[in-house]
Amino acid sequence: MKVLHYSPHMQPGSPSVLAADLACALQAAGCENIVIAPTGELLSRLHIGGVTHISCNSPNMLTAWREIRRLRKTIHRQAPDVVQVYSADAAWVVSMACRNGRSKVTPPMVGAMTGYPWPGAAELGWNRCDALTAISRHLREVVSAEQSLRAGAPWVIPYGTDESLCHPGYVPTENWYHTWRTQQPEYTERLSICVPGAITPLHGLEDLAPILTGLLQAGIAAQVYITGDIRKARTAYVQELRNLYADAGLSDYITWLGHRPDLRDVLCACDITLSLSRKPATWDRAVQEALSLGRPVVGYDHGVVGEYLSSFLPEGRVAPGDIAGVLDTLTQWSGYSPTPVQEIPYPYRLADTAAGYLRLYNEITK
């Protein structure tokens with residue numbers, strides 16, 4: 001099986017990285033993979049995985065037809081069994097490239113949906129696909145309700161965790177722990193809570209004020225570590241949060257870590273990971289990694305976070321917006337930790353993702 005992945009918007013930190021991870025996992029499973037994506041820091045991952053990379057630019061009104069011509073030549077030369085795309089506009093480009101091509105057989109196209117579709121996405125590109133996948137059950141429900149899809153309801157194939165990097169047995173190095181304890185002296189004295197994710201109103205950081213206040217009133221000293229990238233946040237919003245925490249007398253209990261390339265280690269070091277997102281998400285890498293590391297997670301029970309918790313740690317689910325429920329769970333877990341998973345459950349390993357796509361490919365190429 002030869003798979004050509006076309007991901008013109010692939011960038012680290014977004015679900016578009018699925019193109020690189022899936023290609024490497026499929027390569028390890030015995031498939032041949034070519035990834036057409038912009039040049040960037042993900043190239044080393046593709047090289048290590050033995051995946052062929054072909055550079056491209058993100059299509060726009062000025063470059064689209066040039067990309068279509070290049071892609072047409074590549075598809076003719078590589079003759080893939082399947083072409084997989086990761087956005088609606090990528091599906092449109094591939095469909096244009098395959099139109100009137102020199103090959104008598106057009107490879108089937110799979111569209112991998114990783115985020116909420118924008119109006120018109122189905123008409124532009126997704127309905128040009130022979131099959132569609134959704135990164136979560138929540139996304140399939142949203143897409144099926146909002147878009148008229150020619151291929152029918154998408155297959156649900158979650159974006160699994162790479163077990164070589166993230167697993168319940170992983171432990172940060174002693175040197176890392178020494179540095180962490182030196183930089184965070186309150187680490188050994190307080191209940192440590194990591195709140196990962198972008199610093200936006202959608203991520204519920206306002207809820208930290210009553211939650212922390214409730215913990216302190218219960219005699220539980222907690223330290224919250226916010227790992228969102230402050231540089232990418234709206235300055236006025238960050239100041240609003242700082243003022244909120246200061247007015248509640250909580251500034252000393254909140255540490256703004258900013259973007260951390262060692263987030264995996266931070267998740268391991270903290271007692272609990274907390275997700276307060278107000279909008280149900282289609283994908284949450286930090287929460288999934290925390291659970292895959294065997295760390296306790298408390299989160300609002302909606303979207304993909306609810307799906308993760310149902311499989312990994314059902315007792316971590318709290319009704320969306322139920323601050324009292326979050327506070328109750330954190331209070332209980334401050335005295336004892338729930339039993340962590342011993343292995344990543346199906347279908348949340350990257351190998352499960354590759355197996356799911358292989359089943360789909362075999363189905364559409366019969």
Side-chain angles (χ1 to χ4, degrees), residues 11-18 114-116 135-136 138-139 142 158-159 161 165-166 184 191-212 222-242 244-245 250 253-293 295-309 312-313 316-323 325-327 329-330 348:
Q11 58 181 344
S14 77
S16 62
V17 180
L18 171 62
T114 58
Y116 291 112
I135 204 169
S136 62
H138 169 68
L139 179 57
V142 171
Y159 182 176
T161 302
L165 302 174
C166 205
Q184 316 296 336
L191 178 71
S192 52
I193 302 173
C194 181
V195 183
I199 302 175
T200 72
L202 293 177
H203 285 81
L205 294 173
E206 292 85 353
D207 292 354
L208 284 175
I211 291 170
L212 264 178
Q223 191 70 27
V224 170
Y225 298 96
I226 299 175
T227 65
D229 193 341
I230 296 177
R231 297 169 301 177
K232 295 182 179 180
R234 188 165 53 86
T235 303
Y237 179 64
V238 173
Q239 192 57 51
E240 289 174 13
L241 291 175
R242 291 186 185 275
L244 174 66
Y245 302 149
L250 301 171
Y253 297 91
I254 295 176
T255 301
W256 299 78
L257 287 180
H259 171 70
R260 297 287 300 222
D262 58 347
L263 180 59
R264 175 181 55 170
D265 296 322
V266 173
L267 293 170
C268 283
C270 289
D271 297 312
I272 298 170
T273 295
L274 183 59
S275 172
L276 300 170
S277 294
R278 293 177 174 175
K279 180 179 180 180
T282 63
W283 181 68
D284 193 315
R285 184 170 191 164
V287 168
Q288 185 176 350
E289 287 193 349
L291 290 165
S292 297
L293 290 164
R295 306 306 300 154
V297 175
V298 181
Y300 289 149
D301 186 17
H302 58 186
V304 76
V305 171
E307 294 175 31
Y308 295 154
L309 288 169
F312 283 85
L313 189 66
R317 297 175 297 180
V318 177
D322 184 4
I323 293 174
V326 173
L327 183 57
T329 303
L330 291 175
Y348 292 110

If every non-hydrogen atom of [X] is compared with every non-hydrogen atom of [Y], which pair is closest and at what distance?
X    : Y    : answer
P12  : V17  : CA-CG2, 3.7 Å
P320 : H302 : CG-ND1, 3.6 Å
G115 : L139 : O-CD1, 3.5 Å
A319 : Y300 : O-CD2, 3.5 Å
Y159 : Q288 : O-NE2, 3.0 Å
L205 : Y245 : O-OH, 2.7 Å

With sequence neighbours left out, write down each residue that passes side chain to side chain donor-acceptor pair (under 3.5 Å) with D322, or none if nothing qualifies.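 Applying side chain to side chain donor-acceptor pair (under 3.5 Å) to D322 gives none.
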Nearest-0.5 Å distance, [atom1] of residue [X] to [atom2] of residue [Y]:
X    : Y    : atom1 : atom2 : value
I199 : D229 : CD1   : CG    : 7.5 Å
R295 : R264 : CZ    : CZ    : 14.0 Å
H203 : L208 : NE2   : CG    : 12.5 Å
T200 : R234 : OG1   : CZ    : 9.5 Å
Y253 : L191 : OH    : CG    : 13.0 Å
L241 : I226 : CG    : CD1   : 7.0 Å

side-chain contact (heavy atoms from CB on, under 4.5 Å) with [X]: which of [options]?
X    : options                : value
V318 : D301, L309, L327, V326 : V326
V297 : T273, L267, L274, I272 : T273
V224 : I211, T255, V195, L250 : V195

Give a yes or no answer on whether the side chain of T227 reaches the backbone of L257 with a donor-acceptor pair at less than 3.5 Å.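 No; zero donor-acceptor contacts below 3.5 Å.
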Please tabulate, one pair per line, all N/O donor-acceptor pairs under 3.5 Å involving side-chain atoms of residues 276-286, not counting sequence neighbours.
| unit_1 | atom_1 | unit_2 | atom_2 | d |
| --- | --- | --- | --- | --- |
| R278 | NH2 | D207 | OD1 | 2.9 |
| T282 | OG1 | T114 | O | 3.0 |
| D284 | OD1 | A286 | N | 3.4 |
| D284 | OD1 | V287 | N | 3.1 |
| R285 | NE | E289 | OE2 | 3.2 |

Any residue meeting ring pair (Phe, Tyr, Trp, His ring centres under 6.0 Å) with Y237, in chain and number order, not counting sequence neighbours: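 If we apply the ring pair (Phe, Tyr, Trp, His ring centres under 6.0 Å) test to Y237, skipping adjacent residues, there are no hits.
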Angle between ring planes, Y308 versus Y348, binned at 30° and 60°: parallel, tilted or perpendicular?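 Y308 vs Y348 ring planes: perpendicular.
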